[in-house]
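First up is the structure itself, then whatever we jot down about it.
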Amino acid sequence: MKQKHNLYEFKATLKGSKTKIWRRYKIDGQHDMVYLADATMALFKMFPGVYLYALTYVRSSIIQTELRRLKRGANQEHKALAEMIMLALPTFDTKYLMPCDTEENLLEADLAPDDFTPGFVKLQDSGLKKDAELLLEYDFGDGWEVSIKVEKVEAIANTDMLPTEIIKGKGYGIIEDIGGTWGLNDYQESYEQGQVDPDIIDFFGGEEVDLTEFNLEDAIADVKDIADNQIYRLDFE
């Protein structure tokens with residue numbers, strides 16, 4: 001008899017970008033947190049192994065949401081109590097250990113492996129529920145941030161791992177080494193004015209990039225490349 005496992009639907013949004021850049025996709029719960037990070041990076045034109053990155057389960061966001069609901073429906077005494085709790089609320093975030101978190105990198109950041117939850121924890125064992133939020137950080141120099149929200153969790157009776165499904169998206173993604181969202185916003189403004197830096201055009205092989213465009217076929221291929229080339233995981237696990 002086939003056992004049930006979960007299928008997760010996510011919506012990931014690039015934070016700080018004036019151009020709306022987001023992706024909606026489904027990942028089998030038998031995948032782990034490292035795969036979630038890798039697949040999300042691929043969808044935004046970020047590439048594992050190029051820069052350091054981090055994935056955090058923002059558990060405190062769930063508690064904040066519940067307190068806001070209480071505040072809306074409660075009497076004045078309960079509202080005041082909810083406000084006090086929200087102000088004093090400690091952070092219960094869970095940081096996952098990624099392959100780039102080597103002993104050397106952790107030492108430089110004054111961290112240790114014990115500060116993290118193993119990255120090979122499966123999605124369905126992570127406690128993720130609908131409305132849960134994760135934060136993906138990429139290239140700590142440029143400081144890219146992607147908010148990943150769980151939109152649906154579906155139990156499916158199938159022991160086979162389902163392929164990752166890219167449902168929809170908007171916007172191109174990031175441009176490496178452009179200076180984070182500030183540089184990305186500046187690029188789009190220059191693009192709209194027809195004044196893009198020639199060096200950036202050369203970086204893209206002589207063509208300008210329209211940040212408002214999203215290519216579903218490219219996104220599917222990029223995620224497939226990630227799934228097919230996770231050789232480093234043998235050493236990581």
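What you see is a predicted model, and the numbers here were worked out from it, not measured in a lab.
With a 6.0 Å radius and a threshold of 12 heavy atoms from other residues, nucleotides or ligands, E103 has its CD atom at or below the threshold. Within a 6.0 Å radius of CD in Q193, other residues, nucleotides and ligands contribute more than 12 heavy atoms.
No hydrogens or angles considered: a donor-acceptor pair under 3.5 Å links the side chains of H5 and Q30. Counted by atom type alone, Y35 and T164 present one or more donor-acceptor pairs between their side chains at under 3.5 Å.
Considering only heavy atoms from C-beta on, V146 comes within 4.5 Å of M46 through its side chain. You'll find the side chain of Y172 reaches within 4.5 Å of the side chain of K45, heavy atoms only. At a threshold of 4.5 Å between non-hydrogen side-chain atoms, the residues Y187 and E192 do not count as touching. Proximity of D222 to L43: side-chain heavy atoms (C-beta onward) are nowhere separated by under 4.5 Å. Side-chain contact between M98 and V34 is present, with at least one heavy-atom pair separated by less than 4.5 Å. E154 is not listed as a side-chain neighbour of N6, based on a closest heavy-atom distance of 4.5 Å or more. Counting heavy atoms from C-beta outward, L52 and N105 have side chains that approach closer than 4.5 Å. Residues L184 and L14 are in side-chain contact: their nearest non-hydrogen atoms beyond the backbone lie under 4.5 Å apart.
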Open item on the list: Would T40 and Y25 count as a side-chain hydrogen bond (donor to acceptor under 3.5 Å, both in side chains) here? Give the steps.
Closed with: CA-CA 9 Å; T40 303; Y25 50 105; 2.7 Å; yes
Open item on the list: Pair L123, M33 - check side chain to side chain contact (heavy atoms under 4.5 Å, CB included), show working.
Closed with: CA-CA 6 Å; L123 292 175; M33 306 307 290; 3.4 Å; yes
TODO: Dump the intermediate steps for side chain to side chain contact (heavy atoms under 4.5 Å, CB included) on C100 and Y51, then the final yes or no.
DONE: CA-CA 8 Å; C100 60; Y51 289 108; over 6 Å; no
Open item on the list: Please evaluate residues Y191 and L211 with respect to the criterion side chain to side chain contact (heavy atoms under 4.5 Å, CB included), reporting the C-alpha separation (whole Å), side-chain torsions for both, the decisive distance (0.1 Å), and the verdict.
Closed with: CA-CA 9 Å; Y191 174 84; L211 293 180; over 6 Å; no
TODO: With side chain to side chain contact (heavy atoms under 4.5 Å, CB included) as the test, would you mind laying out the steps for D186 and K18 before giving the verdict?
DONE: CA-CA 10 Å; D186 186 59; K18 292 181 180 178; over 6 Å; no
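Taking 4.0 Å as the cut-off between side-chain N and carboxylate O, R24 and E9 count as a salt-bridged pair.
The distance from atom CG of L97 to atom CZ of F116, rounded to the nearest 0.5 Å, is 6.0 Å. In this structure, CD1 on I175 lies 8.5 Å from CD on Q188, to the nearest 0.5 angstrom. Atom OH of residue Y138 and atom CD of residue E145 lie 14.5 Å apart, to the nearest 0.5 angstrom. Rounding to the nearest 0.5 angstrom, the gap separating the CD1 atom in I166 from the CD1 atom in I220 is 6.5 Å. To the nearest 0.5 angstrom, D139 atom CG is 7.0 Å from I174 atom CD1. From I27, atom CD1 reaches atom CE of M161 across 10.5 Å, with rounding to the nearest 0.5 Å.
For the side-chain contact (heavy atoms from CB on, under 4.5 Å) test with L134, the passing option among V58, L128, T56 is L128; the others fail. Checking each of V121, L135, T117, T94 against Y57 for a side-chain contact (heavy atoms from CB on, under 4.5 Å) leaves exactly one that passes, namely T94.
Cluster annotation: L136 and I178 are assigned to the same hydrophobic cluster (Ile/Leu/Val/Met/Phe/Trp/Tyr, side-chain heavy-atom contacts under 4.5 Å, transitive). Tracing side-chain contacts under 4.5 Å through hydrophobic residues (I, L, V, M, F, W, Y), one reaches I21 starting from L216; they form part of the same cluster.
Nearest heavy-atom pair across G119 and Y96 is CA-CB, 4.3 Å. Shown here for S147 and E133, the closest heavy-atom pair between the two residues is OG-OE2, 3.3 Å.
Remark: the backbone N or O of W144 is not paired with any side-chain donor or acceptor of D142 at under 3.5 angstrom. Remark: the backbone N or O of D218 is paired with a side-chain donor or acceptor of N215 at under 3.5 angstrom.
A cation-pi contact, defined as under 6.0 Å to the ring centre and within 45° of the axis, links R23 to F44. A cation-pi contact, defined as under 6.0 Å to the ring centre and within 45° of the axis, is absent between K26 and F10.
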